[in-house]
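Following: one structure in structure tokens, then a few remarks.
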Protein chains: 2
Amino acid sequence: MVESSEEKKRISESTIHRLSIYYRALSLLEKEKHETISSKELAKREKLTPAQVRKDLSFFGSFGTRGLGYNVVELKQKIAGILGINRQWRVALIGLGNIGSALVSYKEFVRQGFNIMKLFDNDQRKIGSNHKGIIVSDIKNLESELKEANIEIVIIAVPATVAQYIVDNVVEAGVKAILNFAPINLRVPPDVYLRNENMSMELEYLSFAMVNNHTPKRVKI
Amino acid sequence: MVESSEEKKRISESTIHRLSIYYRALSLLEKEKHETISSKELAKREKLTPAQVRKDLSFFGSFGTRGLGYNVVELKQKIAGILGINRQWRVALIGLGNIGSALVSYKEFVRQGFNIMKLFDNDQRKIGSNHKGIIVSDIKNLESELKEANIEIVIIAVPATVAQYIVDNVVEAGVKAILNFAPINLRVPPDVYLRNENMSMELEYLSFAMVNNHTPKRVKI
DNA sequence: TGTTTTATGTGAAATGGTTCACAAATAAAA
DNA sequence: TTTTATTTGTGAACCATTTCACATAAAACA
Ligand SMILES: NC(=O)c1ccc[n+]([C@@H]2O[C@H](COP(=O)([O-])OP(=O)(O)OC[C@H]3O[C@@H](n4cnc5c(N)ncnc54)[C@H](O)[C@@H]3O)[C@@H](O)[C@H]2O)c1
Ligand SMILES: NC(=O)c1ccc[n+]([C@@H]2O[C@H](COP(=O)([O-])OP(=O)(O)OC[C@H]3O[C@@H](n4cnc5c(N)ncnc54)[C@H](O)[C@@H]3O)[C@@H](O)[C@H]2O)c1
């Protein structure tokens, strides 16, 4: 079989994270009625370097105008396309406890096209109740309901002890992207994308920095 | 003044994050009654390489025994010392909304020595109320109460619109470490450590990965 | 006690990511 | 219209991190 002609560039994770940063900055610039922005100015705002901004963007195309900079609205749309947030994503959240309930109310997710459409829990008092217009489903029906609703991304907000078991079912249901809040190293097949949100880790970094007088190259994203 | 004889090695952020991972893994191994662990086995468990584990640890000393591996309890304590979590930290949380309330109930923080001792809000209905044994303070008294309670770390959980203003006051009160949940790029002086917890960014990574069939080098921590 | 096996600790090599520096393109000014 | 000022896009140089590979040391075993 002939190799696809499409170039498969290896984009670094840092570049992807910075695209998120550019997107957020451009949203603000749009609100502030800026028509164009130079890599220099954008870098200054986000404490990065102009070269970094240009190099990041150059992996995906030439979006600027020499002598002028980038059109704010246009670049924002380009980045949205690259990140895949110029569309709606169907998201389910499992575990409606402290953190799960907070996430359901997080408006930023919806604004970026991440729509929580299904909620699951195993607590009888929670099943059937209404959260932000969504009826909480019984975890027993996880697989069938995930499939039925065509869920593409699942957020895990259950205790660490049951997280692997839940994830196995989520994978079984064909979901390819998982955002995990449980402080545990989950096993998923190679074709499933997994990201972990670990808040203790960030506090531990602060602790380390204070104890060791750490001098970071720059503030973490 | 003579330069301190203490070596000031530049430890990478990735190394620090992996120390957190090792710590969590070792806690589990301790529970599972493992007496020793090799870099090979530890790496396998956390999907890292043995060389990586050894190199990370070697920045801080020689903690292992050739032919045997590392003593679980001993290494765990060493890492706790390196990360600065073999002590108690005095933490304050500002903004008792959705995410703030969830964080107050997060037991993992306490387990690692991060004790939330002060809560602040500007909502009259919340001020004076009791959350997990802590009376919510009026944001008006922020500076004086932060100083009085000797707060070392502040968690920001207020709307992005007011976050910079709040942070300015926190910095004014002499706090040197901030964990920020507001989706905004905060300005702090160079001697203040700032970490951002940005959940949209992780979802955006998943979105990017799915749209672009991204092949990461390895799963992000 | 001697031999074999296991596993650390660490320079050196390889890989990956960031910054430099400049040609090329366009805008702005003259 | 020509000149000057900006600013992009990108190889090349640089720097940081990861992996390799092996000398060294201790454990396990005979
Ligand atoms: N609270 C926080 O601020 C916070 C922060 C970061 C990470 N986390 C992590 O997020 C997870 C949830 O934390 P929490 O504080 O919200 O805990 P919680 O106990 O308040 O919530 C857990 C929820 O999961 C549900 N649940 C339990 N077992 C289940 C199952 N088998 N199937 C479906 N649902 C099930 C429970 O009914 C409950 O509603 C934990 O892993 C925790 O470590 C919490
Ligand atoms: N809800 C989530 O899951 C989530 C996730 C990630 C990040 N965040 C971010 O965390 C922040 C809080 O989000 P939320 O959903 O909890 O919002 P929220 O509105 O529920 O809570 C905000 C809290 O801050 C308080 N507050 C407002 N202004 C204040 C001031 N000047 N001084 C002191 N307190 C003040 C409010 O009274 C409220 O209690 C936002 O920046 C949000 O973007 C939220």
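Nothing here was measured: the structure is a model prediction, and the numbers come from that model. Both backbone and side-chain heavy atoms feed into the values below; hydrogens, waters and symmetry mates do not.
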Just how far, in rounded Å, is [atom2] of [N] from [atom1] of [X]?
X	N	atom1	atom2	answer
A:L42	D:dT7	CG	P	13 Å
B:K78	C:dG9	NZ	P	12 Å
A:F59	D:dG9	CZ	P	13 Å
A:E13	C:dG17	CD	P	9 Å
B:E46	D:dT18	CD	C1'	18 Å
B:E41	C:dT8	CD	P	11 Å
A:K55	C:dC20	NZ	C1'	10 Å
A:H17	C:dG17	NE2	P	13 Å

Sequence-distant partners of [X], side-chain hydrogen bond (donor to acceptor under 3.5 Å, both in side chains), two or more places apart:
X	value
B:R45	B:E32
A:D121	none
A:D56	A:T15, A:R18, A:Y22

Open item on the list: Can you give me the bend angle of the helix from C:dT1-D:dA30 to C:dA30-D:dT1? Use the axis through the first five pairs and the one through the last five, nearest 10 degrees.
Closed with: 10°
Task: Short side-chain donor-acceptor distance under 3.5 Å, B:Y205 and B:H214 - done: yes
Review item, side-chain donor-acceptor pairs of residues 154-167 of chain A, under 3.5 Å, at least two apart:
{"residue": "A:Q164", "atom": "OE1", "partner": "A:R187", "partner atom": "N", "Å": "2.9"}
{"residue": "A:Q164", "atom": "NE2", "partner": "A:D168", "partner atom": "OD1", "Å": "2.9"}
{"residue": "A:Q164", "atom": "NE2", "partner": "A:R187", "partner atom": "O", "Å": "3.1"}

Task: Most 5' of B:L57 and A:T15 on DNA chain C, judged by nearest nucleotide - done: B:L57
Task: Residue closer to the 5' end of DNA chain C, B:F63 versus A:D56 (nearest nucleotide) - done: B:F63
TODO: Examine D:dT19: is either OP1 or OP2 under 4.0 Å from a nitrogen or oxygen in the side chain of B:T49? Give yes or no.
DONE: yes
Open item on the list: So, OP1 or OP2 of C:dT19: does either fall under 4.0 Å of a side-chain N or O from A:Q52?
Closed with: yes
Produce the list of close N/O pairs, under 3.5 Å, pairing protein atoms with atoms of nucleotides 2-7 of chain C; give distances to one decimal.
{"residue": "C:dA7", "atom": "O4'", "partner": "B:G67", "partner atom": "N", "Å": "3.1"}

For residues 69-80 of chain A, please give each side-chain donor-acceptor pair under 3.5 Å, one per line with the distance, not counting sequence neighbours.
{"residue": "A:N71", "atom": "OD1", "partner": "A:V73", "partner atom": "N", "Å": "3.1"}
{"residue": "A:N71", "atom": "OD1", "partner": "A:E74", "partner atom": "N", "Å": "2.9"}
{"residue": "A:K76", "atom": "NZ", "partner": "A:E30", "partner atom": "OE1", "Å": "2.9"}

Task: Check: B:L206 main-chain N/O paired with A:R195 side-chain donor or acceptor under 3.5 Å - done: no
Task: Any pair counted as salt bridge (charged side-chain N to carboxylate O under 4.0 Å, His left out), so long as it reaches residues 173-185 of chain B, sequence neighbours left out - done: B:K176-B:D191
Task: Listed partners of A:E108 passing salt bridge (charged side-chain N to carboxylate O under 4.0 Å, His left out), at least two apart - done: A:R111
